[in-house]
Amino acid sequence: MGKLLLATVAVILAPIVGGLIAGLDRKITARLQSRYGPPILQPFYDVFKLLGKSPMTMNPWQILSVWVYLISSALTVFLFFMGSDLLLIFFVMTIGAVFFVMGALSTHSPYAQIGAQRELVTMLTYEPLIILVFVAIAMVTGSFKVSDAFGLSKPLLYQLPLMFIVLGYALTIKLRKSPFDISACHHAHQEIVRGVLTEYSGPQLAMIEIAHWYDVIFVLGLCALFWTTSFWGCVILLAVTYFAELLIDNVTARMNYKWMLKTVWGWGLALSVLNLLWLYAG
Amino acid sequence: MLKDWINKGRLKSPWIVHFDCGSCNGCDIEVLACLTPIYDVERFGIINIGDPKHADVLLVTGTVNHRNKHVLKNIYDQMPSPKAVIAMGACGLSGGVFREAYNVVGGVDKVIPVDVYVRGCPPKPEAIIDGVVLALEKVKALLEAAG
Ligand code: SF4
């Protein structure tokens, strides 16, 4: 019962916290570029404005896709706070991501098509890594349950330091940060307009934004698994990780997908294998 | 309550799509100057977005001619309402030094309704930011009239 309550509260609070994080993100990014930056509440203004715009959808598929994306993102957060199975959460997350791409593919715009293809490649890049991270967590805790990871007496980070870096790669891609923002950069202007987001507009775009906030919370939750023993340790770990993401976002330029596949798979797999071998031997 | 929030959002986050109807590039550089740390328009929530479907404000620079007026109209039609149009620079206002040319239509407002005119050749970045603020005031007046 307590878990159910916690999960429901998390689903309600996640968009608010996610939006605040997005606001902080933009503010800190602006400061790093020696600008003043928008107010912290800016993402909320954007989303409310988008909700009030007249709908312009190409076909009913888009609306369905956006709803499935939003619901599955909310469901990942719900399942996570229920202490559920990591693999189940992973499949729910993937369904959302696939529908997001399908909505873009269902239109005839070449920009959306290219964006959708690129999004598929990015999914191909980060999903094996996330699975490997889950396997490593399972090797330490003995089960795929989130609740078991929270019951540990020693932080996971001690045993899985390299896995945390691998998760960092996946995180950067999932959050659409440079150098991996090849499908839809948050400030892309002309290159492929906005890739996978091109054909989404108005209320649909607002819902995608909210779904993205859920994703951010979920991804940060995954990072939190690595330091579950103390509250402040966890908060500091998350803050440092997110700031590192921001820093990397600001000091790197966008790369192409081949480079991304090579680097992320190369380094990600190498680090994972090293860490898993170490676990196995130790 | 939700409506209040939406209206507030409309005033606080104007996303701009910038269309260049064959400008001499003077106006465009001034638009881009607004994004630099000196002027930093993002602190008002203004973002220069590439996609008309996400945009709230259409910023037009340069001379409209018989070839690109269709494109201009097309971009305008692709923007979901509520939307505003800002015409910029002498060329956008009337055709500027090119207004006598055989192919020039003369002014953005011959093709689409314009809400705000920003004078200059090219206008200063301050004037452009003023123009956006003025466009928002128009939107605000419309919202108040609509209740
Ligand atoms: S108004 Fe002046 S600066 Fe702007 S496009 Fe025309 S000639 Fe160039």
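Proteins get letters first, then strands, A, B, ... in listed order; numbering begins at 1 in each.
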Top of Q78(B), K8(B), K53(B), K83(B) for chain A proximity - count of heavy-atom pairs under 4.5 angstrom: K53(B)

With sequence neighbours excluded, residues passing salt bridge (charged side-chain N to carboxylate O under 4.0 Å, His left out) with R35(A): D40(B), E42(B)

Lys/Arg N to Asp/Glu carboxylate O, K174(A) vs E127(A), below 4.0 Å: no

K49(A) to F44(A) six-membered ring, cation-pi geometry met (6.0 Å, 45°): no

Nearest heavy atoms of I28(A) and F243(A), plus distance in Å: CG2-CE1, 3.9 Å

Ring pair (Phe, Tyr, Trp, His ring centres under 6.0 Å), paired with Y200(A), selected from F100(A), Y69(A), W61(A): F100(A)

Chain B contact via Q42(A) - which portion, at a heavy-atom distance below 4.5 Å: side chain

Part of L50(A) lying under 4.5 Å from any heavy atom of chain B: side chain

Per-residue contacts, residues 54-69 of chain B versus chain A, heavy atoms under 4.5 Å: H54(B), A55(B), D56(B)

Least distance between heavy atoms, L93(B) atom then A87(B) atom: CD1-O, 3.6 Å

Between D51(B) and Y111(A): side-chain donor-acceptor atoms closer than 3.5 Å: no

